Amino acid sequence: MEKFRFFLGAGTSIDANFPKWSDLLEPCAEKLGLNISDVSDYFQLAQYFINEYGESELYSLINERINKIDYNSKALDIIVKMGFKSVWTTNFDKVIEKNFENQQININAIHDEKDLSSVNLMNRVNIFKLNGDIGHIDKIVISKADIENYYLNHELFLSFFQRELMTNTFLFIGYSFKDEIVFKSYTKIEFLYWKK
């Protein structure tokens, strides 16, 4: 499993009864007088909300819906037992980490570029959190501005991810490929591959 990587999307958190994007941001849509079912760009919705009510109000709503105790996921129980050494995600909840810890598996959560120096810790599963971590909510990637500035603010993290895409085999689960960061990284690698 050394050359295999998991990429786990929001679908894996939903299995642990965490909200999907539409449920997570529904209170924002309501406060803005919008119907969440009419929203197709959740990053843009978050940006509108920030512009109207501020970042701290958005963080408070998200924290209230994500920072909870029950992390049990049958799907993740199975995934954990498969023995992958690296897991990538755009989720900022702690569902993945908690399910590894429940099975007494040491993890190394990487949600900031400074954390990349700890990637080679022995006997630990690396969990790469591209969009940040709820424990550092002021640094999560949630708004349109966060996405637009991702390539400037997370250049090292993105380069590391692109290298991983080129040198390993990824299995994507619970992921829709609608996230700009992952989709652009994947298509860039695909372009470089076919250019050869």
Side-chain angles (χ1 to χ4, degrees), residues 5-14 16 18-25 27-28 41-51 53-69 71 73 76 86-101 107-119 121 124-165 170 172-186:
R5 305 287 186 260
F6 256 126
F7 198 107
L8 301 177
T12 53
S13 293
I14 292 168
F18 276 68
K20 56 186 176 184
W21 271 99
S22 58
D23 295 334
L24 177 66
L25 295 176
C28 299
D41 187 338
Y42 298 118
F43 291 107
Q44 189 66 59
L45 172 63
Q47 188 65 57
Y48 288 147
F49 190 85
I50 287 170
N51 295 347
Y53 297 101
E55 285 184 338
S56 61
E57 183 68 18
L58 176 65
Y59 296 153
S60 177
L61 286 170
I62 290 171
N63 192 52
E64 191 178 291
R65 297 173 83 84
I66 286 187
N67 227 347
K68 58 184 195 172
I69 306 300
Y71 295 97
S73 164
L76 274 168
S86 285
V87 176
W88 288 79
T89 186
T90 48
N91 299 355
F92 34 78
D93 57 50
K94 294 189 179 288
V95 173
I96 298 168
E97 296 97 301
K98 293 294 183 183
N99 277 272
F100 274 94
E101 289 169 359
I107 60 151
N108 181 29
I110 299 158
H111 53 84
D112 196 304
E113 294 196 342
K114 64 179 172 46
D115 301 327
L116 287 170
S117 61
S118 65
V119 165
L121 287 175
R124 289 182 182 265
V125 174
N126 288 312
I127 299 171
F128 298 92
K129 304 183 81 170
L130 285 170
N131 285 355
D133 181 84
I134 192 71
H136 303 270
I137 198 165
D138 58 319
K139 294 184 179 179
I140 63 171
V141 176
I142 185 70
S143 70
K144 199 67 169 179
D146 295 331
I147 290 290
E148 289 169 353
N149 294 318
Y150 197 93
Y151 301 91
L152 298 172
N153 298 333
H154 303 281
E155 188 177 358
L156 187 59
F157 212 166
L158 205 52
S159 295
F160 192 89
F161 177 53
Q162 289 170 347
R163 187 202 74 168
E164 288 279 289
L165 283 170
F170 273 75
F172 287 82
I173 294 180
Y175 191 74
S176 66
F177 283 97
K178 290 183 180 177
D179 186 289
E180 286 183 42
I181 298 162
V182 176
F183 183 72
K184 283 183 181 176
S185 295
Y186 183 78

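None of these values were measured; they are calculated from a predicted model.
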Check salt bridge (Lys or Arg N to Asp or Glu O under 4.0 Å) between D112 and all other residues, then give those that pass, not counting sequence neighbours.
K139
Nearest 0.5 Å, please: how far is OG in S60 from CD1 in I137?
8.0 Å
List in chain and number order the residues that pass ring pair (Phe, Tyr, Trp, His ring centres under 6.0 Å) with F128, two or more places apart in sequence or in another chain; answer none if no residue qualifies.
W88, F160
How long is the straight-line distance from CD1 of I142 back to CD1 of I147, given to the nearest 0.5 Å?
9.0 Å
What is the distance from atom NZ of K20 to atom CG of L24, rounded to the nearest 0.5 Å?
12.0 Å
Can you tell me how far the CG atom of L130 sits from the OG1 atom of T89, to the nearest 0.5 Å?
8.0 Å
Residues that Y59 engages under ring pair (Phe, Tyr, Trp, His ring centres under 6.0 Å), provided they are two or more places apart
none
Examine distances only and state if a side-chain atom of R65 and a backbone atom of D23 form a donor-acceptor pair shorter than 3.5 Å.
yes
With sequence neighbours excluded, residues passing salt bridge (Lys or Arg N to Asp or Glu O under 4.0 Å) with E55:
none
Between L58 and L25, which heavy-atom pair has the shortest distance, and what is it?
CD1-CD2, 4.2 Å
From I140 atom CD1 to D93 atom CG, the distance as rounded to the nearest 0.5 Å
10.5 Å
Student check: side-chain heavy atoms of I107 and R124 closer than 4.5 Å
no
Can you confirm whether the side chains of D146 and S143 place a donor and an acceptor under 3.5 Å from each other?
yes
Quick one: does any side-chain atom of Q47 pair with a main-chain N or O of A145 as donor and acceptor, under 3.5 Å?
yes
Side chain to side chain donor-acceptor pair (under 3.5 Å) with K98: which residues, sequence neighbours excluded?
none
Taking all atoms of both residues into account, what is the closest heavy-atom pair of H154 and V141, and its distance?
NE2-CG2, 4.3 Å
Between N91 and N131, does the side-chain contact (heavy atoms from CB on, under 4.5 Å) criterion hold? Intermediate values first, please.
CA-CA 7 Å; N91 299 355; N131 285 355; over 6 Å; no
Closest non-hydrogen atom pair between F170 and E164, with its separation:
CE1-O, 3.4 Å
Qualifying residues under side chain to side chain donor-acceptor pair (under 3.5 Å), relative to N126, sequence neighbours excluded
N108
Is there a donor-acceptor pair closer than 3.5 Å between any side-chain N or O of D115 and the backbone N or O of I110?
no
